[in-house]
Chemist: 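Below is a structure I'd like to ask you about.
Since the model is a prediction, treat every value here as computed from it, not as a measurement. Starting from 1, each residue takes its place in the sequence as its number.
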Amino acid sequence: MLIETQATPDPEVMNFFPPRKILKAGSAEFVDAKSLRRSPLAEKIFDLGGIFSVFMTADLLSVTKDKNASWDDLKPQILAELMDYLSTGAEIVIETETPEEDDIVRQISGLIAARIRPALQNDGGDIIFRDFKNGVVYVELTGNCYGCPYAAVTLKEGVERVLKTYIPAVKSVQNYEAPK
């Protein structure tokens with residue numbers, strides 16, 4: 001089974017393109033223990049160590065690694081896990097009954113992946129969706145966007161404007177602050 005890979009403008013992100021569909025529709029992002037429960041494949045990839053997030057669409061598996069991890073070590077292991085999963089035919093994402101907020105989260109993740117992330121990656125940055133609560137989207141700007149003097153403008157005039165235009169439930173976008 002041939003799985004194509006592609007480096008991205010962000011050296012911490014690599015895309016994997018398997019020959020078969022990963023998801024039936026939409027997208028899914030896995031960044032923490034709670035979200036990992038929905039995908040045995042994402043859980044196995046996280047178990048390799050050095051993984052920051054896993055994002056999936058029908059045709060793509062995108063993995064973000066920690067800065068200290070090496071693609072030379074991770075890439076063959078991720079390919080092996082993906083091949084094993086695809087060869088078994090097991091569900092990659094376990095679908096559950098989704099309340100309205102989960103649907104909104106999927107819309108936010110999809111819009112970030114399709115419209116916002118590519119624009120930021122062209123400038124050497126990236127964006128990671130962290131949470132959605134009470135109409136507020138929490139994201140983390142990384143790469144060249146992290147600490148950029150225009151980050152606040154990008155967040156409000158770019159990210160927030162796009163999300164509010166397409167998803168009425170979004171009231172604002174804020175920078176994610178990791179718990180200390």
Side-chain angles (χ1 to χ4, degrees), residues 3-32 34-36 38-39 41-43 45-46 51-66 71 74-75 78 82 85-86 91-96 98 100-133 135-146 148 151 154-170 172-176:
I3 298 174
E4 293 182 35
T5 61
Q6 175 188 47
T8 68
D10 182 346
E12 311 308 329
V13 179
M14 184 168 293
N15 294 331
F16 297 81
F17 299 94
R20 293 193 351 231
K21 297 276 187 208
I22 298 174
L23 299 179
K24 294 174 187 162
S27 63
E29 187 166 29
F30 306 94
V31 295
D32 57 24
K34 181 180 177 186
S35 63
L36 284 176
R38 292 184 40 238
S39 175
L41 173 60
E43 191 170 6
I45 291 171
F46 263 84
I51 302 298
F52 189 72
S53 71
V54 174
F55 177 77
M56 298 177 194
T57 66
D59 304 315
L60 162 80
L61 176 87
S62 184
V63 178
T64 303
K65 69 173 187 64
D66 294 332
W71 282 123
L74 289 173
K75 183 178 171 183
I78 294 168
L82 185 53
Y85 241 85
L86 291 173
E91 275 191 82
I92 290 178
V93 175
I94 300 165
E95 297 300 329
T96 59
T98 56
E100 182 181 331
E101 194 164 285
D102 283 349
D103 187 46
I104 294 168
V105 167
R106 271 195 291 284
Q107 290 175 30
I108 292 167
S109 292
L111 196 54
I112 286 173
R115 292 229 168 172
I116 299 167
R117 179 171 282 130
L120 294 178
Q121 286 178 339
N122 281 338
D123 290 333
D126 203 355
I127 185 169
I128 299 168
F129 170 77
R130 291 294 184 194
D131 204 358
F132 175 70
K133 287 183 183 167
V136 180
V137 176
Y138 296 91
V139 296
E140 183 177 353
L141 297 175
T142 63
N144 286 347
C145 293
Y146 178 77
C148 168
T154 298
L155 207 58
K156 292 297 178 183
E157 298 299 320
V159 178
E160 182 174 282
R161 187 172 45 122
V162 169
L163 290 176
K164 286 171 73 174
T165 298
Y166 291 98
I167 305 170
V170 173
S172 71
V173 174
Q174 293 184 14
N175 194 38
Y176 174 79

Chemist: For residues V139 and V173, determine if any side-chain heavy atom of one lies less than 4.5 Å from a side-chain heavy atom of the other.
Modeler: yes
Chemist: Can you measure from NZ (K156) to OG1 (T154) and round to the nearest 0.5 angstrom?
Modeler: 12.5 Å
Chemist: With side chains defined as the heavy atoms from C-beta onward, is the minimum distance between V137 and Y176 less than 4.5 Å?
Modeler: no
Chemist: Under 4.5 Å between any side-chain heavy atoms of T57 and I22, yes or no?
Modeler: no
Chemist: Between S172 and E160, which heavy-atom pair has the shortest distance, and what is it?
Modeler: CA-OE1, 3.2 Å
Chemist: Under a 3.5 Å distance rule, please check whether R117 uses its side chain to pair with a backbone N or O of I127 as donor and acceptor.
Modeler: yes
Chemist: Got a list of side-chain donor-acceptor pairs under 3.5 Å for residues 10-19, not counting sequence neighbours?
Modeler:
residue	atom	partner	partner atom	Å
D10	OD1	E12	N	2.9
E12	OE1	K65	NZ	2.6
N15	OD1	S62	OG	2.7

Chemist: What distance separates I45 CD1 from L74 CG, expressed to the nearest 0.5 Å?
Modeler: 10.0 Å
Chemist: Could you tell me whether the side chain of F129 reaches within less than 4.5 Å of the side chain of V105, counting heavy atoms only?
Modeler: yes
Chemist: To the nearest 0.5 Å, what is the distance between CD (E140) and CD (Q174)?
Modeler: 14.5 Å
Chemist: Of the non-hydrogen atoms in A113 and P118, which two are nearest, and what is the gap between them?
Modeler: O-CD, 3.3 Å
Chemist: Got I3 and L82 here, is their nearest side-chain heavy-atom distance under 4.5 Å?
Modeler: yes
Chemist: Excluding sequence neighbours, so at least two apart, what forms side chain to side chain donor-acceptor pair (under 3.5 Å) with K164?
Modeler: none
Chemist: Can you tell me how far apart CZ (F46) and OG (S39) are? Round to the nearest 0.5 Å.
Modeler: 10.0 Å
Chemist: Any idea which heavy atoms bring L41 and I92 closest together, and the distance?
Modeler: CD2-CG2, 3.8 Å
Chemist: So how far is it from S53 OG to F30 CZ, rounded to the nearest 0.5 Å?
Modeler: 11.0 Å
Chemist: Considering only heavy atoms from C-beta outward, does the side chain of L120 approach that of L141 to under 4.5 Å?
Modeler: yes
Chemist: Take I128 and F52 through the test side chain to side chain contact (heavy atoms under 4.5 Å, CB included) and record every step on the way to the result.
Modeler: CA-CA 10 Å; I128 299 168; F52 189 72; 2.9 Å; yes
Chemist: Hey, could you give me the SG/CG distance between C148 and L155, rounded to the nearest 0.5 Å?
Modeler: 11.5 Å
Chemist: Do D66 and I51 come within less than 4.5 Å of each other through their side chains, counting heavy atoms only?
Modeler: no
Chemist: Ignoring hydrogens, what is the shortest heavy-atom contact between C145 and G125? Give both atom names and the distance.
Modeler: SG-CA, 3.7 Å
Chemist: Do I78 and K75 come close enough that some side-chain heavy atom pair is under 4.5 Å?
Modeler: no
Chemist: Report yes or no: does N144 contribute a side-chain atom to a donor-acceptor pair with the main-chain N or O of D123 at less than 3.5 Å?
Modeler: yes
Chemist: Given Y166, which partner from the list Q107, R161, R115 fulfils the side chain to side chain donor-acceptor pair (under 3.5 Å) test?
Modeler: R115
Chemist: Within the side chain of R20, is there an N or O that forms a donor-acceptor pair under 3.5 Å with the backbone of L86?
Modeler: yes
